Amino acid sequence: MPPETLTSTEQLDFATALREYRAESGRSLLDLVDQSPVLLIFLRHFSCAFCAQSLDQVSQLREQIAAKGVNPVFVHLGSPERARPYFDYYHLSDVERISNPDAMLYQLPIFALGRRNYILHSLHPAVLRAWFKGALFKYGIGVPKEDGDQMPGVFFLKDRKIVRAFRHRTIADEPDYLKLIGSGR
């Protein structure tokens with residue numbers, strides 16, 4: 001996918017939006033993107049088997065991602081306190097993460113992550129197939145405490161641009177994180 005082309009006004013709006021959102025470390029998302037390319041991973045809720053799968057996959061790929069000069073940054077809908085045990089469990093306690101309970105970052109037009117009724121969406125054949133292929137048994141499932149209707153997504157940000165994007169059609173879609181970051185730097 002070619003880089004998303006933005007007008008100069010949209011680029012300014014994009015930078016302004018990134019400046020407004022802060023990681024739990026206190027650094028703005030814009031600072032993080034200016035420091036190095038970022039793999040921005042939007043999660044749904046912490047009771048979601050597929051979100052646990054995403055955390056697990058990024059944890060397993062972390063060395064390969066870092067070797068390409070890319071830093072993963074997670075955006076989640078929970079509080080920092082709620083998120084901490086999940087990131088600790090997957091050995092991601094030191095990655096940058098943004099708590100965004102109101103989902104305003106998810107809803108920015110540049111990211112445009114959709115919303116789907118999670119109960120109806122859970123009945124989608126692709127979701128059911130993925131659950132029974134192993135996600136349900138390996139990662140479990142629970143009652144959402146965050147917004148279960150919010151869809152996830154993954155974006156490779158570099159030089160204040162979205163270079164590549166993966167917007168989930170179903171919650172069971174599996175992004176290829178290494179393909180998204182390409183050569184990285």
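Treat the numbers as computed from the prediction; the structure is a model and nothing was measured.
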I would like to know whether Leu92 and Arg97 meet side-chain contact (heavy atoms from CB on, under 4.5 Å); could you show each step before the answer?
-> CA-CA 10 Å; Leu92 295 167; Arg97 47 189 189 258; 5.9 Å; no
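- A donor-acceptor pair under 3.5 Å is formed between the side chain of Tyr106 and the backbone N or O of Val75.
- Residues Glu174 and Gln53 have side chains in contact (heavy-atom distance under 4.5 Å, counting atoms from C-beta outward).
- Aromatic ring centroids of Phe42 and Phe155 lie under 6.0 Å apart.
- Atom CG of residue Leu178 and atom CD1 of residue Ile65 lie 6.0 Å apart, to the nearest 0.5 angstrom.
- Side-chain atoms of Gln60 and Asp56 include a donor-acceptor pair closer than 3.5 Å.
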side-chain contact (heavy atoms from CB on, under 4.5 Å) assessment of Leu40 paired with Phe111 | CA-CA 10 Å; Leu40 189 63; Phe111 297 122; 3.7 Å; yes
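- For Arg22, there are no side chain to side chain donor-acceptor pair (under 3.5 Å) partners, not counting sequence neighbours.
- Residues His76 and Tyr86 form no side-chain contact, since every pair of their non-hydrogen atoms from C-beta on lies 4.5 Å or further apart.
- Of all heavy-atom pairs spanning Arg160 and Ala15, the tightest one is NH1-CB, 3.9 Å.
- The shortest heavy-atom contact between Ser99 and Pro80 is OG-CD, 3.7 Å.
- Side-chain contact check for Met104 versus Glu20: every heavy-atom pair is 4.5 Å or farther apart.
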Test log, rule side-chain contact (heavy atoms from CB on, under 4.5 Å), inputs Tyr90 and Val58 = CA-CA 9 Å; Tyr90 290 104; Val58 171; over 6 Å; no
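- We find the OG-CG distance between Ser79 and Asn100 to be 12.5 Å, quoted to the nearest 0.5 Å.
- You'll find the side chain of His91 stays beyond 4.5 Å of the side chain of Arg62, heavy atoms only.
- Minimum heavy-atom separation, Ser54 to Leu43: CB-CD2, 4.2 Å.
- Residues Val38 and Glu96 form no side-chain contact, since every pair of their non-hydrogen atoms from C-beta on lies 4.5 Å or further apart.
- Remark: Arg82 fails to qualify as a cation-pi partner of Phe46 under the 6.0 Å distance and 45° angle criteria applied to the six-membered ring.
- Side-chain contact between Pro37 and Ile181: absent, with no pair of heavy atoms (C-beta onward) separated by less than 4.5 Å.
- Shortest non-hydrogen contact noted between Asn71 and Gln35 is ND2-NE2, 3.9 Å.
- The shortest distance between side-chain heavy atoms of Leu29 and Asp31 does not fall below 4.5 Å.
- Contact record, Gln57 with Tyr177: OE1-CE1, 3.5 Å, taken as the closest heavy-atom pair.
- Once rounded to the nearest 0.5 Å, the distance linking CZ of Phe74 with CG of Leu55 reads 5.0 Å.
- The backbone N or O of Gln150 sits less than 3.5 Å from a side-chain atom of Arg44, completing a donor-acceptor pair.
- Considering CD1 of Ile98 and CD1 of Ile41, their distance stands at 11.0 Å, rounded to 0.5 Å.
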Between Val70 and Lys158, is a side-chain contact (heavy atoms from CB on, under 4.5 Å) present by the stated rule, with each step listed?
-> CA-CA 9 Å; Val70 177; Lys158 182 178 172 184; over 6 Å; no
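- By the 4.5 Å heavy-atom criterion applied to side chains, Phe14 and Val33 are not counted as neighbours.
- Between the CG atom in Leu18 and the CD1 atom in Ile110 there is a gap of 9.0 Å [rounded to 0.5 Å].
- Listed here is the closest heavy atom pair of Pro101 and Gly78: CG-O, 4.1 Å.
- For Glu81, the CD atom is densely surrounded, since the number of other residues' heavy atoms within 6.0 Å is greater than 12.
- The closest donor-acceptor contact from the side chain of His168 to the backbone of Met151 lies at 3.5 Å or more, if one exists at all.
- Interatomic distance, Leu113 CG to Gln107 CD, rounded to the nearest 0.5 Å: 7.0 Å.
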